[in-house]
*Asks:* 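Please see the structure below; I have some questions.
The chains referred to below are lettered A, B, ... by the order of the sequence lines, with proteins before strands, and numbering in each begins at 1.
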Protein chains: 2
Amino acid sequence: MENIKVSKTKKVLKGDILLSHGDIAKYGFRVKSGCLKSYVIDNAGKEHILQFAPEDWLIGDMDSATNKKPSVIFIDAIEDSEVSFISTSDFGDFHSLEKELLAEMSIKLRNNLIATNKRIISLLSATAKERYIEFTNTYPTLVQRLPLKLIASYIGITPEYLSDLRRKISKSQKK
Amino acid sequence: MENIKVSKTKKVLKGDILLSHGDIAKYGFRVKSGCLKSYVIDNAGKEHILQFAPEDWLIGDMDSATNKKPSVIFIDAIEDSEVSFISTSDFGDFHSLEKELLAEMSIKLRNNLIATNKRIISLLSATAKERYIEFTNTYPTLVQRLPLKLIASYIGITPEYLSDLRRKISKSQKK
DNA sequence: CACACTTCTTAAGCTATCTTAATTTTTATC
DNA sequence: GATAAAAATTAAGATAGCTTAAGAAGTGTG
């Protein structure tokens, strides 16, 4: 999607909120530098991270943008970032798009779907420890860069329990 | 994808396996009648259901088909079914496809991605009880039709615990 | 460099969910 | 419609992962 219409580029600061629960998504975001996250907040007020978007990643709420419905997610900057805005009017009607662009979009959607399915497999069938190790293998650069509590949130456990797991893992490696 | 190339139609019996762990997926499947499921088997030998595919649904292993890699999933018939085979060569190179078909594929991929993301939100942020109630609301016809143990597997719990939950739910409704 | 703030760790007790195993109910088959 | 097979239930004991709380270790900022 290098050639998709991009309306503007903007600098955002760590902590800035680009999309809030209840908003109707008018834009998706392409991250030029820095890192964004998308997440939900559950009934108990706990945050659960859906996606990290470092350099060159896209992030947005496709459901809200496509169906013009209030978003259930938030998108924030977790580092100072530079972000370009992708108008979601492009998402609405695929039939009006160029063939070339459609093919690229299909590929991105397909790859995203494959990755998302892997995450479901992981959530259904792997233990917390296995999911953590899988995360470190899949996103080694993010592990360096992100606070552990965000990684815990992404893999579906508490930071305290992740801390336990890491201690157990490093203990078992020492021998 | 009504107009995608479909090589053949075939009747399959309950229990028949259409794709096995280790296979490279040569076909996706469109279900004409009956119902298929896709699932993984974890290290402990437990089955975890990724998808149900009743009438008019598509099911397959996109990762295996796209990347010509051995599948990590199985696809079986859970009822006697009639199924048409979709050649996965269509998946490989999007650029060679008709524009109209690409637009339809993009829409299907997008909708699938939206649904898949909802499932991740549910797995991360909802309790087992909430996930069960959500399932019954989202797929009321499947609830009638499928054994509870398959639903338990789909929402990520054991059949015994689902049984407990159902008892608690019906007890709390009686008052 | 000191203060505040965030992140990380540790530990004890707790709960949602699992395991095992036996029993009952439902469904399919000859 | 009897028998076998599959599905669902029940219950007791086990455990992975959570909660709470407090302290330690980083990190940024004036």
*Asks:* When the distance from CG of B/Leu148 to P of C/dT26 is rounded to whole Å, what number comes out?
*Replies:*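 Checked: the CG to P distance equals 12 Å.
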
*Asks:* Where along nucleotides 19-25 of chain C does protein come under 4.0 Å, by heavy atom, of base (B) or sugar-phosphate alone (S), with - for untouched nucleotides?
*Replies:* BBB----

*Asks:* Can you tell me if NZ on A/Lys26 sees more than 12 non-hydrogen neighbours from other groups inside 6.0 Å?
*Replies:*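 12 or below, so no.
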
*Asks:* For the side chain of A/Arg167, counting heavy atoms from C-beta on, which of D/dT9, D/dA7, C/dA11 is nearest?
*Replies:* C/dA11

*Asks:* Which whole-number value in Å describes the distance from B/Arg145 CZ to D/dA7 C1'?
*Replies:*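 Roughly 18 Å, once rounded to whole Å.
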
*Asks:* Rounded to whole angstroms, how far apart are CZ on B/Arg166 and P on C/dT26?
*Replies:* 12 Å

*Asks:* Heavy atoms under 4.0 Å, any strand shown: does B/Gly15 hit a base, just sugar-phosphate, or nothing?
*Replies:*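 Nothing, no nucleic acid heavy atom in range.
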
*Asks:* From the options C/dT10, C/dT9, D/dA8, select the nucleotide whose nearest atom is closest to the side chain of B/Lys149.
*Replies:*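 Minimum distance to the B/Lys149 side chain belongs to D/dA8.
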
*Asks:* Out of the candidates A/Arg167, A/Glu160, A/Arg166, only one should pair with A/Asp164 under the side-chain contact (heavy atoms from CB on, under 4.5 Å) rule; please name it.
*Replies:*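 Filter result, single survivor: A/Arg167.
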
*Asks:* Expressed in angstrom and rounded to an integer, what is the separation of B/Ile157 atom CD1 from C/dC18 atom P?
*Replies:* 6 Å

*Asks:* What is the distance, to the nearest angstrom, from the CG atom on A/Leu165 to the P atom on D/dT15?
*Replies:* 17 Å

*Asks:* Angle class for the A/Phe74/A/Tyr39 ring planes (parallel below 30°, perpendicular above 60°, tilted otherwise)?
*Replies:* parallel

